[in-house]
Structures are given as structure tokens and as C-alpha cells.
Amino acid sequence: MDYMSAKEAALKWGISKRRVQTLCAEDRIKGASKVGVFWVIPKDAEKPEDERLKINKN
């Protein structure tokens, strides 16, 4: 399986590297794991939905 770094995922998904690290720490990216001080993320992982946003469903 191929992996990408948090920085690569951030560029791919259009979010900050820090946000990717937070998502990894919250176990919201399937297959992500920590190797030393670095997060490794499967290249085929999908960007999780942003649960911080409220969506008004009327």
C-alpha cells in the first residue's frame, strides 16, 4: 500500500497540514497511523466530512 504525508494530504484536499494532523489524531482518516513523529496516510484515503460546519436542513 502506498502512503502520503500529512503535507501531501493537505495539498491534495485543500486544507492545512495542521488540520490533517488533527483529523489523524481524532482517528477520522481511515488507515492513518503515526510513525515516529510523522503521520502516514494511505494514498487512497478520502477526506472526511467537516463536522465543524452546521448545515441547516429545513
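One-based numbering along the sequence shown.
With I41 as reference, M4 is the one residue of M4, K12, E8 to meet the side-chain contact (heavy atoms from CB on, under 4.5 Å) rule.
Under a 4.5 Å side-chain heavy-atom cut-off, the cluster of Ile, Leu, Val, Met, Phe, Trp and Tyr residues that includes W39 has no other member. If you chain together ILVMFWY residues whose side-chain heavy atoms come under 4.5 Å of each other, V37 ends up grouped with F38.
Looking at every heavy atom in both residues, C24 comes nearest to A32 through SG-CB, 3.8 Å. The shortest non-hydrogen separation linking K17 to A10 is N-CB, 3.6 Å.
Contacts of S16 classified as side-chain contact (heavy atoms from CB on, under 4.5 Å), with partners at least two apart in sequence or in another chain: R18, R19. For K47, the side-chain contact (heavy atoms from CB on, under 4.5 Å) criterion is met by W13, I15, not counting sequence neighbours.
By the criterion of side-chain heavy atoms lying less than 4.5 angstrom apart, applied directly or through intervening Ile, Leu, Val, Met, Phe, Trp or Tyr residues, V35 is not grouped with I29; the two fall into different hydrophobic clusters.
Within the structure, salt bridge (charged side-chain N to carboxylate O under 4.0 Å, His left out) contacts touching residues 24-35 (residues at least two apart or in different chains) are E26-R28.
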